[in-house]
Amino acid sequence: VFDRLEGTIGAEIINWTTLLYWTGDVVLSCSTGYYTAFGSLVMRRREILRRYAKTWFLFDVPIVSVDWIVKAADFLKDSADRAGVARSAKLIRITRVARMLRLMRLMKLR
């Protein structure tokens, strides 16, 4: 089903939108405070970065990096097995959708 969308303007807009969204999410996650188990708000950048590094950072950065690498490969139009890179990117996108569903579930709990 999704193969028909590949290469269309709509698919390109969706790809850029999601890429920029998740890139912005990584940047904003480095500045988003959090509450401790005792209810105190933490807004110190060092503590925020430490917590982010222990939680979502190792998950977010590889996903966003692969997407940027795929975009760069598309832009450069290299013929060096882009299909393999595209398949890997699709797997990463599926993982990202799973994360989005998890976030939506967390939002429903609040």
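In terms of the side chain to side chain contact (heavy atoms under 4.5 Å, CB included) criterion, residue partners of L20 (sequence neighbours excluded) are, by chain and number, W16, W68. Shown here are the side-chain hydrogen bond (donor to acceptor under 3.5 Å, both in side chains) partners of T17, two or more places apart in sequence or in another chain: there are none. Listed by chain and residue number, nothing satisfies the ring-ring contact (aromatic ring centres under 6.0 Å, His included) test with Y34 (two or more places apart in sequence, or in another chain). Residues satisfying the ring-ring contact (aromatic ring centres under 6.0 Å, His included) criterion with F59, sequence neighbours excluded, are W56. The side chain to side chain contact (heavy atoms under 4.5 Å, CB included) check on V26 picks up Y52, D60, V61, V64, with sequence neighbours excluded.
In this structure, CZ in R51 is found 13.0 Å from SG in C30, a value given to the nearest 0.5 Å.
The hydrophobic cluster containing M43 also includes Y35, L41, under a criterion of side-chain heavy atoms closer than 4.5 Å among ILVMFWY residues, counted directly or through chains of members. Residue F38 belongs to no hydrophobic cluster, having no ILVMFWY side-chain heavy atom closer than 4.5 Å to its own. When hydrophobic residues (I, L, V, M, F, W, Y) are linked wherever their side-chain heavy atoms come within less than 4.5 Å, L49 remains an isolated member.
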Inset, instruction - Show the numbers, then the answer: is there a side-chain contact (heavy atoms from CB on, under 4.5 Å) between I48 and T32? - result: CA-CA 7 Å; I48 293 169; T32 304; 5.5 Å; no
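Sequence neighbours left out, the pairs with a member in residues 39-50 that pass salt bridge (charged side-chain N to carboxylate O under 4.0 Å, His left out) are E47-R50. The list of salt bridge (charged side-chain N to carboxylate O under 4.0 Å, His left out) pairs with a residue in residues 21-34, not counting sequence neighbours, reads D25-R99.
Hydrophobic clustering keeps L28 apart from L19 (ILVMFWY residues linked when any side-chain heavy atoms are closer than 4.5 Å, directly or through intermediates).
In this structure, the side chain of T18 engages the main chain of N15 through a donor-acceptor pair within 3.5 Å.
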